[in-house]
Amino acid sequence: MQDAKAMRTNFIWDIIDADLAAGKNGGRIQTRFPPEPNGYFHIGHCKAICINFLTAERYDGLCNLRFDDTNPSKEETEYVEAIKHDIQWLGFEWTGGLYYASDYFPKMYELALRLIRNGDAYVCDLTQEEIRATRGTLTEPGTNSPYRDRSVEENLDLFTRMKAGEFPDGSRVLRGKIDMASPNMNLRDPVLYRIVHTDHHRTGDAWCIYPMYDYAHSIEDGLERITHSLCSLEFENHRPLYDWVMEKCGFTVEPPRQIEFARLNLTRTVMSKRYMRELVEGGHVAGWDDPRMPTIAGMRRRGYTPAALRDFVDRVGMSKADSVADIGLLEHCVRENLGDTAARAMAVLRPLKVVLTNWPEGQVDTLTLENHPDHPEMGERLVPFGRELYIEREDFMENPPKKFFRLFPGGEVRLKGAYIIRCDEAVKDAQGEVTELRCTVDLDSKSGGEGAARKVKGTLHWVHAADAVPMEARLYELLLNDEPADVEAEAEDEESAVGAARNKKDFISRLNPASLEIVRGFAEPTLGNANPGDRFQFLRVGYFTMDPDSKPGAPVFNRTVSLKDSWSKVAK
RNA sequence: UGGGGUGUCGCCAAGCGGCAAGGCACGGGACUUUGACUCCCGCAUUCGUAGGUUCGAAUCCUGCCACCCCAGCCA
């Protein structure tokens, strides 16, 4: 796939190069990808996965996979498994090892005791509301907690009893003793530990106090000897606290360097958990792996490839500027990758019968077609050809506009890999609907034959009717119609009922009612032997992958992405 | 209004004092037994803005403007 060492550099790698040049860490590089197992991954996670794993590869270093499971009320084993699967599917290995923050709980507890003994942390009895009220505001300093100056002995006693389960949830917390007047809110005596009497998916009821992110993350990085801790922009304000914990916990010899980068955003794609959950639970999609979902699972089922996703992340680039990548770039990457790797095949989505009046009744020829025009090594396949065929309904027009290269009364087209045919008559039903085309074949024009040199403007895909495989094709389009007219709505407080309702209404009104169209067509016989997950380019139609919903003899194909279509622009 | 960040073509993004890379999108053309692919050509006298320093600035300095993040016992 990608060669991390050959990739163009970015600001993060420039920093690492400088660190290396300065002789830091003895030339050792170690990163970590630290997800909280609280949901399914989406395309946005790909960026963080790529930068961490590729950085390790680039510098012959290691990358750890670490589940940051410090909040038992949100995490589940199901997500741990899904995340591991997604990372491996993308082609990465946690060369540095697999870790869980929860495995460090004993160590974190010991370090908390150390902070208390050193006078760097204290047990605070203020309620959540009181802590909030005394934290100050963006422009006013906070005020010290009345419990701030408790003795080490009292703190030790109280913290020990917190761990022992003597106090109810929310009654006390352990706080770092830093500076209630700091302009950085994170430094106003941040909570380090809270009491939560909830079973943890890995440690069960062994603990009832759990460390907070800022405290835990530093220790995790410190213990694993991470050299560069890469995270997203919103943690910039946390860096001073990250460094503070690192120092107070004794990770003072070349502590990890935290570097922040901008998250990946995509046009016409919303990736918040609340939004995705609403789509699933509201029945707007079939599930977390619905091919329209921005989840890795959805994209996988849609037929997107790991190579395409990684190429996309690479092309989007790495910077600190808030940005929104164009969904068109993702589709381009998918087309480019599939164009090179997917076997070609023919399938007709909306069939129109064609009868070749001068082709002998009952005669079936076997034609040989290439599986890929640029890769002869992908071989050839045999395709039957006979008197009755199906072509795409939209490839025929009774009264065509100029520049229409397809079939029309009196017009000629080549059938891909077969013969040139002329349309003699369009048979209609009582409603005037065209039901069948009667055509004549130019028997001298067979592909590969002597008369094949004759040129006609258009070439159509087709399927021999007698042994066509009936199939269901699911045609997907973007879930959202356009960008939000009111950007403010996106910034609405997710926690407030009003904000949530407004957002819900907002994105539901943006849902594209045509995001899924199911059509029943016919595929060439070869496709009857396909397996779920196989990817093809249906000539002139698009890239498709066989869905797991397929049954023997009744394949279902998901359209991964359409082919670029410059004709539709001309036609308009 | 405090602090931390970011502003280079429609969308991303290089650039780090010497005279604006590249990709996507878009427009034009060639080729084509996929109106696909491929291939040519075009696409910022200008770098949020106003000044300043300099022979010379997107790159240095100053002011201003815009946007993002921070007042969870979430991560």
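Per chain, numbering begins at 1; letters A, B, ... match sequence-line order. All values below come from the heavy atoms of this structure, side chains included, with hydrogens, waters and symmetry mates left out.
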(message) Between A:Ser319 and B:rA13, is there a contact of a side-chain N or O with OP1 or OP2 at under 4.0 Å?
(response) yes
(message) If the glycosidic angle sits within 90 degrees of zero it is syn, else anti. Tell me which applies to B:rG63.
(response) anti
(request) Please measure how far the C1' atom in B:rC69 lies from the corresponding atom in B:rA75, and state the result in whole Å. (result) 15 Å
(message) Using the C1' atom as the point on both nucleotides, what is the distance between B:rU49 and B:rC43, in whole Å?
(response) 26 Å
(message) Using the side-chain heavy atoms of A:Asp14, tell me which of these nucleotides is nearest: B:rG10, B:rC16, B:rC74.
(response) B:rC16
(message) At a heavy-atom distance below 4.0 Å, what parts of residues 66-79 of chain A sit against RNA chain B?
(response) A:Asp68, A:Thr70, A:Asn71, A:Lys74
(message) Less than 4.0 angstrom between a side-chain N/O of A:Arg132 and OP1 or OP2 of B:rC73, yes or no?
(response) no
(message) Between A:Ser323 and B:rA13, is there a contact of a side-chain N or O with OP1 or OP2 at under 4.0 Å?
(response) yes
(request) Run through A:Leu174, A:Asp189, A:Leu192, A:Leu158 and flag the one making a side-chain contact (heavy atoms from CB on, under 4.5 Å) with A:Tyr122. (result) A:Asp189
(request) For the pair A:Asp125 and A:Arg172, find out whether any cationic side-chain nitrogen is under 4.0 Å from an anionic carboxylate oxygen. (result) yes
(message) List the residues meeting side-chain contact (heavy atoms from CB on, under 4.5 Å) with A:His461, not counting sequence neighbours, and say none if there are none.
(response) A:Met346, A:Val348, A:Glu392, A:Asp395, A:Leu539, A:Arg540, A:Val541
(message) With rounding to the closest Å, how many angstrom separate the P atoms on B:rA13 and B:rG27?
(response) 24 Å
(request) Return no unless some side-chain N or O of A:Arg315 is found under 4.0 Å from OP1 or OP2 of B:rA13. (result) no
(request) Name the nucleic acid region contacted by A:Glu236, choosing base, sugar-phosphate or nothing; use a 4.0 angstrom heavy-atom cut-off, strictly under. (result) sugar-phosphate
(request) Give a yes or no on whether the backbone of A:Met397 and the side-chain of A:Arg406 come within a donor-acceptor separation of less than 3.5 Å. (result) no
(request) Please determine, for the side chain of A:Lys569, which listed nucleotide (B:rU6, B:rC73, B:rC26) has the closest atom? (result) B:rC26
(request) Write down the distance between CD (A:Gln128) and P (B:rA71), rounded to a whole number of angstrom. (result) 13 Å
(request) Using whole Å, report how far CZ of A:Phe261 lies from P of B:rA13. (result) 13 Å
(request) Please report, rounded to the nearest Å, how far the P atom of B:rA13 is from the CD1 atom of A:Ile12. (result) 12 Å
(message) Do A:His238 and A:Asn184 pair up side chain to side chain, a donor and an acceptor below 3.5 Å, judged on atom types alone?
(response) no
(request) Report the distance from atom OH of A:Tyr193 to atom C1' of B:rC74, rounded to the nearest whole Å. (result) 17 Å
(request) Provide the distance between the two C1' atoms, one in B:rG22 and one in B:rA14, to the nearest whole Å. (result) 7 Å
(message) Can you check the distance between B:rC39 and B:rU6, where both ends of the measurement are the P atom (answer in whole Å)?
(response) 37 Å
(message) If I take atom CZ in residue A:Arg194 and atom P in nucleotide B:rC73, what distance separates them, rounded to the nearest angstrom?
(response) 9 Å
(request) Considering only atom C1', compute the distance from B:rA58 to B:rG17 and round it to an integer number of Å. (result) 11 Å
(request) Answer yes when A:Glu336 and A:Arg315 have at least one side-chain N-carboxylate O distance shorter than 4.0 Å, and no when they do not. (result) yes
(message) Tell me whether A:Lys74 is salt-bridged to A:Glu36, with the criterion being a basic N under 4.0 Å from an acidic carboxylate O.
(response) no
(message) Mind checking if A:Leu187 touches a base, just sugar-phosphate, or nothing, with heavy atoms under 4.0 Å?
(response) nothing
(request) Pick base, sugar-phosphate or nothing for A:Phe235, based on heavy-atom distances below 4.0 Å to the nucleic acid. (result) base
(request) Give the B/S/- string for nucleotides 32-39 of chain B, one per nucleotide from 5' to 3', where a protein heavy atom under 4.0 Å of the base yields B, of only the sugar-phosphate yields S, and otherwise -. (result) -BBBSS--
(request) Would you indicate what A:His217 reaches in the nucleic acid, counting non-hydrogen atoms under 4.0 angstrom: base, sugar-phosphate, or nothing? (result) nothing
(request) Return the nearest nucleotide to the side chain of A:Val324; candidates are B:rG2, B:rC12, B:rC69. (result) B:rC12
(request) Measure the distance from CG on A:Leu330 to C1' on B:rA25 and round it to the nearest whole Å. (result) 14 Å
(request) Could you tell me whether A:His332 contacts a base, only the sugar-phosphate backbone, or nothing, with contacts defined as non-hydrogen atoms closer than 4.0 Å? (result) sugar-phosphate
(message) For A:Phe538 and A:Phe557, I'd like to know if the aromatic rings sit close, meaning centre-to-centre distance below 6.0 Å.
(response) yes
(message) Between the base of B:rG3 and the side chain of A:Asn237, is one N or O donor paired with an acceptor at under 3.5 angstrom?
(response) yes
(message) For the C1' atoms, the ones on B:rC65 and on B:rA25, what distance do you get once it is rounded to whole angstrom?
(response) 29 Å
(message) Work out how far the C1' atom of B:rA57 is from that of B:rG51, and round it to whole angstrom.
(response) 14 Å
(message) Does atom CD (A:Glu450) have a neighbourhood of more than 12 heavy atoms from anything else shown, all under 6.0 Å?
(response) no
(message) Could you tell me how far apart A:Asp214 (CG) and B:rG4 (P) are, to the nearest whole angstrom?
(response) 18 Å
(message) Looking at A:Glu224 and A:Arg32, is there a salt bridge between them, counting it only when a charged N and a carboxylate O are closer than 4.0 Å?
(response) no
(request) Using a strict 4.0 Å threshold on nitrogen-to-oxygen distance, state whether A:Glu234 and A:Arg263 make a salt bridge. (result) yes
(request) Answer yes or no: is there an ion pair linking A:Asp243 with A:Arg239, defined by an N-O contact shorter than 4.0 Å? (result) no
